Amino acid sequence: MTAIEELKGIVYKSLKDLWEYEVDQDAILINETRSEFEGDYTVVVFPFTKALRLPPPKIAEMLGEYLVEKENNLIAFNVIKGFLNLTFSNDYWKSSLSDINTDKKYGFHPANGKKVLVEFSSPNTNKPLHLGHIRNILLGWSSAQLLEAAGYEVVKAQIVNDRGIAICKSMLAYQLFGNGTTPEKSGTKGDHLIGEFYVKFETSFKEEYAAWQETAEGKEIYEANKKEGEEEVHFYGRYKNTYFNTYSNLGLQAKAMLLKWEEADEETIALWQRMNSWVYEGFEQTYKELGVHFDHNYYESNTYKLGKELISDGLASGVFYKKDDGSIWADLEDVGMDQKIVLRSDGTSVYMTQDIGTAHIRYEDHGCDRMVYVVGNEQDYHFEALFEILKKLDEPYAHELFHLSYGMVDLPTGKMKSREGTVVDADDLIADVIEEARLGSKSRGELDNITKEEQDEIFRKIGLAALKYFIIKVNPKKRMTFDPKESVDMQGQTGPYIQNAYVRIQSILRKSENLVEARDVDYKELESIEIGLIRKMEQFSAIIEDAAEKLDPSNMANYCYDLAKMYHRFYHEFKILSAESEEAKQFRLKLSEAVAQILKTGMELLGIEMPERM
RNA sequence: GGUUCCGUAGCUCAGCUGGAUAGAGCAGCUCACUUCUAAUGAGCAGGUCACAGGUUCGAACCCUGUCGGGAUCACCA
């Protein structure tokens, strides 16, 4: 229970005692008192005026008197208009600080007996991870951590899109141009190697298409199918898919390969497994660098058939209907959407088919009360439809599904486009920020007398903190601009800034000894910033709850920054080891220790590690 | 065009279920290291919260409309 919640209960009871007024709990609003006023917490009494038929200042005055008289922890109040500012006793703050010091899991919520599955990352196996995946992974990971801290049992899952035409393109290009190379032979990370062949396919296809456009057949098609006044460039751009499916030699081969794959052709499967295994090795390395892992991997190649059974069940029970051409559809018009295809006329599965099957099997595997899908907002409509379909299918978990929909990541130069080669590669980005951290640290010389291994570990922590914080601090649902220059910044509102507050505290704690419990320290006159820090820390639990509930880690990121900022200011203004008295020193050491603890646990929930020095 | 998300300082972002004079960082200009880590702190400057109405004691926040931007509306994922 947080201080504010506790206070709410007291106000509720007081209103009843004083005026026999049973207020709606939600109507009680309590904030931290703004710094320009005297007091710690502020009760807003405007909402009570109507029921009590008294002017706001009068209510505040009476309530204030009553509270101060009744509550030992409250020692003073003042009223400004409809705001009742309450001041707490020093003993209260010291005891609150001790509560933090003695509970390593301060702010974490007890288990609530519910299980939630969080799906994130969900890569395709035909190319390496990029900046967009990083936002996804960081959001998924930190949301999972926050949910766990909020009392849930959490399963972290990814669905690997390991089959389909895309991977066949890479496979074909490898057969045609690969000369039997491997990650070892080429010295290229597995996922990057496969990505190269994917690109190779695309460029070859483009050449083939361009040549075809010059042929008699190409011209003929253009003349016959162009729209009124349509230029060649525009027409051929639009026609690309049709060309791939009907005329392209490479397209034909890729599709043949997909067919062979579906027929479980031995040679094709062997190649597919071999190439995918390279990709997984590559992904694994990137995940490790990012400090994330999964409890359960699902593979599209294993689950895509499961959906089909559910579709035929749904067809039998009238949830779906079949068109004349054999394709199967869901009618969602009763919930304000349109018709959605769930199975192609040739009986092969679409994205939706697979997702229906995956949701089902996950529930069978884990019995989750909830499932969270971390997927970009370009798929908002798809998930809305999926959730509706699962409801119609009467799936038991269907009402507890959430799409953590996040905005695209733009570059200062505009959108990331793989076709234009403006995609920021995840591994490159990680290497860059670590290098930047190394340069910054070297110029400071603070780490000169520790081993190279220890240094490297610290550079990694600092660099990744910069990168991760830069992305996580932004509200997930917002589209964000990723400026590579700013992402390696280590000053101001950044990960390293927060780490620095922690490191400063560790440095002090290394030089101190014999810490005494804060509540036993005979320290009388707490500074307002000292109280401010404790007040801030008291919110930690509420921030965890809020961030978990809203699936919004940026909440926690901003909180950690606020706390670090306040500590930096405190650090500058007051001496700790050479404080004016032994009592002040003891108190401030405990205060610093608590701040370090909250910063560390808070940042860990975001997947950001703290170095002991920097 | 339908649906949906967004619009806050030059730039990147906070701003709680509506609460006191809208906050940070970056960039710019000052200042503070013989001192517990200056990856820091203090200060200056910077705003028609896209616009117009409405709801109310009170609106950046809620409602309606307008303008601007993104996404989506595939037998793609």
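Since this is a predicted model, take the numbers as computed values, not measurements.
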Regarding [X], tell me which of base, sugar-phosphate or nothing describes its non-hydrogen contacts under 4.0 Å with the strands shown.
{"X": "Met337(A)", "answer": "nothing"}
{"X": "Leu29(A)", "answer": "base"}
{"X": "Tyr497(A)", "answer": "sugar-phosphate"}
{"X": "Ser405(A)", "answer": "nothing"}
{"X": "Asn245(A)", "answer": "nothing"}
{"X": "Asn475(A)", "answer": "sugar-phosphate"}

Grab the N/O contacts between the protein and nucleotides 3-6 of chain B below 3.5 Å, and write none if there aren't any.
{"unit_1": "rC6(B)", "atom_1": "OP1", "unit_2": "Lys477(A)", "atom_2": "NZ", "d": "3.3"}

Review point. So does Glu32(A) pair up with Arg535(A), basic N to acidic O under 4.0 Å?
Key: yes
Taking NZ, NE, NH1 and NH2 as the nitrogens, is one of them in Glu580(A) or Lys585(A) under 4.0 Å from a carboxylate oxygen of the other?
no
Notebook entry, point to check: With sequence neighbours left out, what residues match Gln354(A) under side chain to side chain donor-acceptor pair (under 3.5 Å)?
Noted result: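 Listed in chain order: nothing, the list is empty.
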Hits for side chain to side chain donor-acceptor pair (under 3.5 Å) against Asn500(A), two or more places apart or cross-chain, chain-then-number order -> none
task: For residues 459-479 of chain A, pull every pair meeting ring-ring contact (aromatic ring centres under 6.0 Å, His included), keeping only residues two or more places apart or in separate chains.
output: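 Applying ring-ring contact (aromatic ring centres under 6.0 Å, His included) to every pair that reaches into residues 459-479 of chain A, excluding sequence neighbours, yields Phe470(A)-Phe482(A).
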Exercise. Does NZ or CZ of Lys169(A) fall inside the cone over Phe244(A)'s six-membered ring, less than 6.0 Å from its centre and within 45° of the axis?
Worked result: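 So Lys169(A) does make the cation-pi contact.
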For Met610(A) and Leu599(A), the nearest pair of non-hydrogen atoms, with its separation, is CE-O, 3.6 Å
Residues Leu310(A) and Gly357(A): closest non-hydrogen pair is CD1-CA, 3.9 Å
For RNA chain B, which residues in residues 32-52 of chain A have a heavy atom at a distance below 4.0 Å?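 Here the set is Arg34(A), Phe37(A), Thr42(A), Val44(A), Phe46(A), Pro47(A).
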Which protein N or O atoms sit under 3.5 Å from an N or O of nucleotides 35-38 of chain B?
{"unit_1": "rU35(B)", "atom_1": "O2", "unit_2": "Lys575(A)", "atom_2": "NZ", "d": "3.1"}
{"unit_1": "rC36(B)", "atom_1": "O3'", "unit_2": "Lys511(A)", "atom_2": "NZ", "d": "2.9"}
{"unit_1": "rC36(B)", "atom_1": "O2", "unit_2": "Leu577(A)", "atom_2": "N", "d": "3.0"}
{"unit_1": "rC36(B)", "atom_1": "N3", "unit_2": "Ile576(A)", "atom_2": "N", "d": "3.1"}
{"unit_1": "rC36(B)", "atom_1": "N4", "unit_2": "Tyr571(A)", "atom_2": "O", "d": "2.7"}
{"unit_1": "rC36(B)", "atom_1": "N4", "unit_2": "Phe574(A)", "atom_2": "O", "d": "2.4"}
{"unit_1": "rU37(B)", "atom_1": "OP1", "unit_2": "Ser507(A)", "atom_2": "OG", "d": "2.1"}
{"unit_1": "rU37(B)", "atom_1": "OP2", "unit_2": "Ser507(A)", "atom_2": "OG", "d": "3.1"}
{"unit_1": "rU37(B)", "atom_1": "OP2", "unit_2": "Lys511(A)", "atom_2": "NZ", "d": "2.9"}
{"unit_1": "rU37(B)", "atom_1": "O2'", "unit_2": "Arg504(A)", "atom_2": "NE", "d": "3.1"}
{"unit_1": "rU37(B)", "atom_1": "O2", "unit_2": "Glu446(A)", "atom_2": "OE1", "d": "3.4"}
{"unit_1": "rU37(B)", "atom_1": "N3", "unit_2": "Met614(A)", "atom_2": "O", "d": "3.0"}
{"unit_1": "rU37(B)", "atom_1": "O4", "unit_2": "Met614(A)", "atom_2": "N", "d": "2.9"}
{"unit_1": "rA38(B)", "atom_1": "OP2", "unit_2": "Arg504(A)", "atom_2": "NE", "d": "3.3"}
{"unit_1": "rA38(B)", "atom_1": "OP2", "unit_2": "Arg504(A)", "atom_2": "NH2", "d": "2.4"}

Spacing between Phe470(A) atom CZ and rC26(B) atom P, to the nearest angstrom:
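Distance, rounded to whole Å: 13 Å.
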